[in-house]
2 protein chains.
Amino acid sequence: MPTSPPTLADVAERAGVSRQTVSNAVNNPGLLREDTLVRVQDAIAELGYLPNRAARNLRTRASHLIGLRINPVQEGTANALMDRFVHSLVETSGAVGYHVMLFAGDGENPLAGYDGLLRSTTVDAFVVTDTYLGNPQTAWLAGRRAPFVAFGRPWDDPSAAHPWVDVDGAAGAEMATVHLIDKGHQRIAWIGWRKDSFIGEDRRSGWTRAMHAHGLSTTALACRVEDTVSSGGEASAKLLDEAAPTAFVCASDTLAMGVLHTLYLRGLAPGRDIAVIGFDDSQVAQVVHPGLSSVRQPLEELAVEVVRALEGLLGHPPHVGPGVLLAPTLELRASG
Amino acid sequence: MPTSPPTLADVAERAGVSRQTVSNAVNNPGLLREDTLVRVQDAIAELGYLPNRAARNLRTRASHLIGLRINPVQEGTANALMDRFVHSLVETSGAVGYHVMLFAGDGENPLAGYDGLLRSTTVDAFVVTDTYLGNPQTAWLAGRRAPFVAFGRPWDDPSAAHPWVDVDGAAGAEMATVHLIDKGHQRIAWIGWRKDSFIGEDRRSGWTRAMHAHGLSTTALACRVEDTVSSGGEASAKLLDEAAPTAFVCASDTLAMGVLHTLYLRGLAPGRDIAVIGFDDSQVAQVVHPGLSSVRQPLEELAVEVVRALEGLLGHPPHVGPGVLLAPTLELRASG
DNA sequence: GGCTAGTCTTGGATCGTTCAAGTGGTGCCG
DNA sequence: CGGCACCACTTGAACGATCCAAGACTAGCC
């Protein structure tokens with residue numbers, strides 16, 4: 001820019017008041033008399049004044065920046081939750097004066113990035129998203145008394161006192177299963193993740209719950225595999241041979257794509273011959289033929305709740321509310 | 001955090017030197033004698049000192065933050081370039097001391113966000129990504145002398161002097177077409193976007209170039225439609241009926257998914273009966289059965305070039321290099 | 001001894017904002 | 001009329017780093 005932006009002093013001079021009065025006009029308009037407030041606001045508008053972030057940050061010891069660590073894209077899977085979540089997070093946090101700053105995950109030492117940003121007071125708080133397995137980050141951050149909100153429950157430590165927001169995966173799987181039962185299916189298979197995945201077990205429990213609630217057996221109808229398309233394909237082939245299910249509920253769209261593949265190879269029509277429901281409502285589910293039904297996470301609302309929790313956390317005095325659990329929805333397409 | 005982080009003065013006291021010396025140790029290590037440098041660095045390590053960002057930003061009039069505007073996810077399409085690009089951008093810019101800050105796009109007035117961030121000196125520069133159609137942002141930013149790097153050529157103003165990085169879409173389409181020709185195809189159809197899309201026309205020109213270079217006619221083999229799956233499906237059905245192509249090259253994976261759908265409905269096998277190649281190498285292309293060949297943009301290298309341009313732009317003195325055009329690669333799968 | 005170069009210290013100003021204390025003016029009350 | 005409270009605004013001092021200029025001390029060299 002040609003000239004440096006106007007400062008408080010410039011506005012003050014123009015409006016014929018002191019710097020502090022301008023500051024108050026911006027931060028505590030209620031303190032000013034009506035006519036001076038208008039005068040100052042006019043001067044601000046004329047000069048196009050906006051407070052200098054760095055100066056404000058220095059003085060208030062806050063950056064109004066939220067740190068979010070992002071992980072490498074997993075190629076070859078259908079996972080793309082973050083896109084929707086991040087966008088919504090940026091929008092809602094922007095509305096209350098915060099910006100989202102990204103930093104890269106260092107694979108081996110997940111804490112390094114967090115530590116530096118804290119010590120340099122670059123961010124006010126974090127949003128921690130990858131809490132799928134045990135989560136050293138959350139424990140470490142909590143120990144440092146660093147403000148953060150987790151997307152994901154503290155599975156391995158129910159006594160954890162940090163704010164969190166999560167999606168009720170069990171309810172999602174249950175919803176999908178009940179939907180299939182209502183359509184007349186009785187032998188509904190489950191393809192999920194390895195047993196050490198809390199999220200996977202949670203989703204699985206929804207399937208179990210729905211089956212048992214309707215007096216249906218789950219014996220031999222479940223398996224746990226890696227989260228890849230081919231694993232989903234192999235698992236569904238095996239299940240079809242050994243347990244003759246008429247429907248599949250999967251822990252992810254990636255697995256569900258594997259099931260669709262198997263059906264295709266066997267000349268079975270998804271939805272008509274065998275029903276399939278995935279999880280996450282990825283772009284893949286939306287675009288693939290003939291359309292993959294999927295459990296959709298309410299990531300937009302989730303971001304809203306995250307920001308709400310952040311506001312509490314960074315408020316004066318800080319306030320930590322209880323964890324928030326949101327219900328997913330079921331997006332029905334031709335496959336189920 | 002319990003106590004406030006250490007400051008320059010704390011380190012100085014501990015190391016038994018002056019503040020200035022500590023500052024030099026951090027910013028101009030060459031000025032110090034070997035042994036004192038070590039002593040200061042030890043003190044820094046022991047206290048876990050990191051310069052306060054806000055203070056440094058205020059003094060140096062730089063935030064070391066790069067602004068990136070993100071747009072809402074387009075549901076129902078296969079477009080997900082940003083994920084890979086953003087991750088790579090965060091990594092490479094982090095390596096040279098910059099962080100990426102996101103802000104939301106206000107649909108109607110794309111400039112509002114940029115303006116505020118500039119005036120409040122929140123960011124040092126922008127990365128502008130959505131330059132597909134005429135780009136008011138770049139013109140406006142250039143007019144304000146705001147530093148920015150564009151992902152995308154200045155199509156409508158070749159004389160524009162701002163740094164940019166782009167992928168050679170024509171080369172990508174040409175590569176795909178030549179590949180199909182090499183495999184024996186002669187009637188290769190093109191399904192692209194509306195004529196007012198510069199990127200679409202660029203990619204299309206690659207197809208035309210390859211066809212003509214091999215003495216093949218393009219007559220009646222091309223059409224331009226909206227970027228949706230159904231448009232791709234309808235376009236391919238019409239082309240199959242009227243022009244009997246044996247292969248399709250598409251301007252996007254979204255369109256290619258529509259082609260796959262048509263082939264499926266007609267009992268034609270992708271790759272064996274009719275070849276299909278998409279564009280962008282989206283997750284959908286990677287996951288769908290039987291695998292969609294696609295032109296892959298080198299987003300990782302692209303981010304590296306963007307950061308290189310940013311470094312030049314923000315250096316002393318600023319330096320603007322010529323635009324950089326990167327070649328895409330061809331990811332072959334069963335469909336072609 | 002005087003000169004120079006290298007290394008570090010010292011004190012101060014500066015960036016632009018907010019905080020804490022202070023100033024003057026007015027109204028109310030005993 | 002002195003005193004107190006209150007309003008509306010002003011004043012000086014922080015926040016923590018960087019930048020600049022001037023000075024001090026040592027060592028090496030002629």
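None of the values given here were measured: they were computed from a predicted structure. The sequence lines fix the lettering, A, B, ..., with proteins before strands; numbering per chain opens at 1.
Remark: C1' of C:dT14 and CZ of B:R56 are 17 Å apart, rounded to the nearest angstrom. Rounded to whole Å, atom C1' of C:dC8 lies 11 Å from atom CG of B:D35. The CG-C1' distance, from A:N24 to D:dT10, rounds to 11 Å in whole Å. Look at CG on A:L32: it is 19 Å from P on D:dC6, rounded to the nearest Å. Taking atom CZ on A:R61 and atom P on C:dG16, their separation rounds to 20 Å, with Å as the unit. Taking atom CZ of residue B:R53 and atom C1' of nucleotide C:dG16, one finds them 19 Å apart after rounding to whole Å. Residue A:L58 contributes atom CG, which lies 12 Å from atom C1' of C:dT14 at whole-angstrom precision. Between the P atom of D:dC9 and the CG atom of A:L37 lies a distance of 9 Å, rounded to the nearest Å.
Taking only side-chain nitrogens and oxygens, B:Y49 comes nearer than 4.0 Å to OP1 or OP2 of D:dA17. Side-chain N/O atoms of A:N57 include none lying less than 4.0 angstrom from OP1 or OP2 on C:dT17. OP1 or OP2 of D:dC9 sits under 4.0 Å from a side-chain N or O of A:T36. Of the side-chain N and O atoms in B:T7, none sit less than 4.0 angstrom from OP1 or OP2 of D:dC15. Side-chain N/O atoms of B:T21 include one lying less than 4.0 angstrom from OP1 or OP2 on C:dT9. For B:S18, a side-chain nitrogen or oxygen approaches OP1 or OP2 of C:dT9 to under 4.0 Å.
Heavy atoms only, all atoms of each residue included: B:L37 and B:A25 are closest at CD1-CB, 4.0 Å. A:V127 and A:L310 get closest at one heavy-atom pair: CG2-CD1, 4.0 Å.
Separation of atoms OG1 (A:T122) and CG (A:L65) is listed at 8.0 Å; rounding is to 0.5 Å.
Taking the six-membered ring for Trp and thresholds of 30 and 60 degrees, A:Y114 and A:F103 have ring planes more than 60 degrees apart, a perpendicular arrangement.
In this model, a side-chain donor or acceptor of A:Q20 finds a partner on the base of C:dC19 within 3.5 Å. The base of D:dA17 lies outside donor-acceptor range of the side chain of B:R19, with no N or O pair under 3.5 Å. For C:dT7, the base has no donor-acceptor partner in the side chain of B:R33 [N/O atoms by modelled type, under 3.5 angstrom]. Judged by distance alone, with hydrogens and angles left aside, A:R59 brings a side-chain donor or acceptor within reach of the base of C:dT18, the pair sitting under 3.5 Å.
Nearer the 5' end of DNA chain C, as judged by each residue's closest nucleotide, is the contact made by B:G16, out of B:G16 and A:A9.
With B:V26 as reference, B:I44 is the one residue of B:I44, B:L50, B:V40 to meet the side-chain contact (heavy atoms from CB on, under 4.5 Å) rule.
Closest approach to the A:L8 side chain among C:dT17, C:dT9, D:dG16 is made by C:dT17 (side chain taken as heavy atoms from C-beta onward).
Among the heavy atoms of the strands, none lies under 4.0 Å from B:G30.
A salt bridge is absent between B:R308 and B:E311; no separation between the charged side-chain nitrogens and carboxylate oxygens falls under 4.0 Å.
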